[in-house]
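Below is one structure, written out as structure tokens; comments come after it.
When a ligand or atom number is given, it counts from 1 through the structure's own listing order. Since the model is a prediction, treat every value here as computed from it, not as a measurement.
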Amino acid sequence: MSDNRIIDGKAFAAGLRERVAVETDRLKADHGIVPGLAAVLVGEDPASQVYVRNKNRQMVEAGMLSLGETLPEDTTQADLLAVIDKLNADPAVNGILVQLPLPSQIDPNSVIDAIDPAKDVDGFHLRNAGLLATGRDGMVPCTPLGCRMLLEDRLGDLTGLNAVIVGRSNIVGKPMAQLLLDANCTVTVAHSRTDDLPEVCREADILVVAVGRPQMIKGDWIKPGGTVIDVGINRVPGREEGKTRLVGDVDFEAAVEYAGGITPVPGGVGPMTIACLLRNTLVAACRQNGVEVLGI
Ligand code: GUN
């Protein structure tokens with residue numbers, strides 16, 4: 001697609017993975033360190049299996065170790081916590097990721113907070129959330145980090161821009177707000193209870209949407225020339241009988257007529273999440289070994 005309104009996350013993510021691979025080679029050559037990620041999958045959720053398989057493949061392609069663990073659906077919380085303890089203590093493991101959602105017998109917060117914060121490459125641990133909220137260096141959640149990279153690549157300095165985030169999750173909405181505040185935006189966090197959401201969206205120089213509702217944001221909610229980052233990945237019935245297709249939280253066909261830049265689904269934010277996971281694993285390995293992080 002050569003339309004310069006389209007923000008090509010797929011291409012940007014490929015470039016980021018390449019830079020991570022180069023730095024990983026350097027870490028290996030100069031320090032004998034190979035970054036390792038343990039992705040823990042509990043149960044057999046098909047979407048989670050696909051995500052974890054993709055993560056493992058891209059880790060290996062970037063020259064890293066993929067040290068995944070798959071546990072049965074009926075794993076107890078105590079058993080999962082024992083696995084986390086073992087990975088925390090393993091020096092070959094620089095990053096730990098527990099794929100969400102977890103089966104209902106397990107409390108996700110207890111599991112996340114059991115991960116060594118230095119190995120928490122998702123950036124979900126209380127300590128990392130606190131570091132981000134107070135403007136200090138920690139592990140930053142992958143999806144919002146990828147969104148900020150795409151925005152800075154497209155717009156340069158974000159200072160003074162009016163950013164509206166639709167969605168207030170711990171995984172995307174809240175850390176996205178912190179990252180855009182840190183980049184000197186004026187930030188509004190909107191959600192399902194916001195009054196007159198269309199009008200709030202129309203004020204946005206930057207609109208980030210992460211609500212998980214297919215095509216909820218309409219074309220005429222977009223500020224003309226504004227930049228739209230669509231985090232949603234929703235599977236809906238396809239145009240042909242029996243087929244499905246992926247759509248975002250934004251009505252792309254309509255919004256592209258208003259936006260100055262917009263991420264497509266698929267091929268926008270999605271590929272950035274794993275690329276940022278590789279980046280975070282590299283950063284974690286460098287910090288754990290007292291090596292300076294360069295060029296990413
Ligand atoms: N499930 C959906 N998104 C994510 C993510 O970013 N990290 C983890 N651990 N699980 C997820």
Show the numbers, then the answer: is there a side-chain contact (heavy atoms from CB on, under 4.5 Å) between Val231 and Thr263?
CA-CA 9 Å; Val231 181; Thr263 57; over 6 Å; no

Verdict with reasoning, Asp182 to Arg148, per salt bridge (Lys or Arg N to Asp or Glu O under 4.0 Å):
CA-CA 11 Å; Asp182 199 51; Arg148 190 175 75 176; 3.7 Å; yes

Is there a salt bridge (Lys or Arg N to Asp or Glu O under 4.0 Å) between Lys218 and Asp220? Walk through the geometry before answering.
CA-CA 6 Å; Lys218 305 304 174 199; Asp220 67 355; over 6 Å; no

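Residues Arg53 and Asn56 have side chains that never bring a donor and an acceptor to within less than 3.5 angstrom of each other.
Pocket lining of ligand 1, defined as residues with a non-hydrogen atom under 4.0 Å away: Leu97, Val98, Gln99, Leu100, Asp122, Phe124.
Rounding to the nearest 0.5 Å gives a distance of 8.0 Å between OG1 of Thr76 and CD of Gln105.
When hydrophobic residues (I, L, V, M, F, W, Y) are linked wherever their side-chain heavy atoms come within less than 4.5 Å, the members clustered with Leu41 are Val52.
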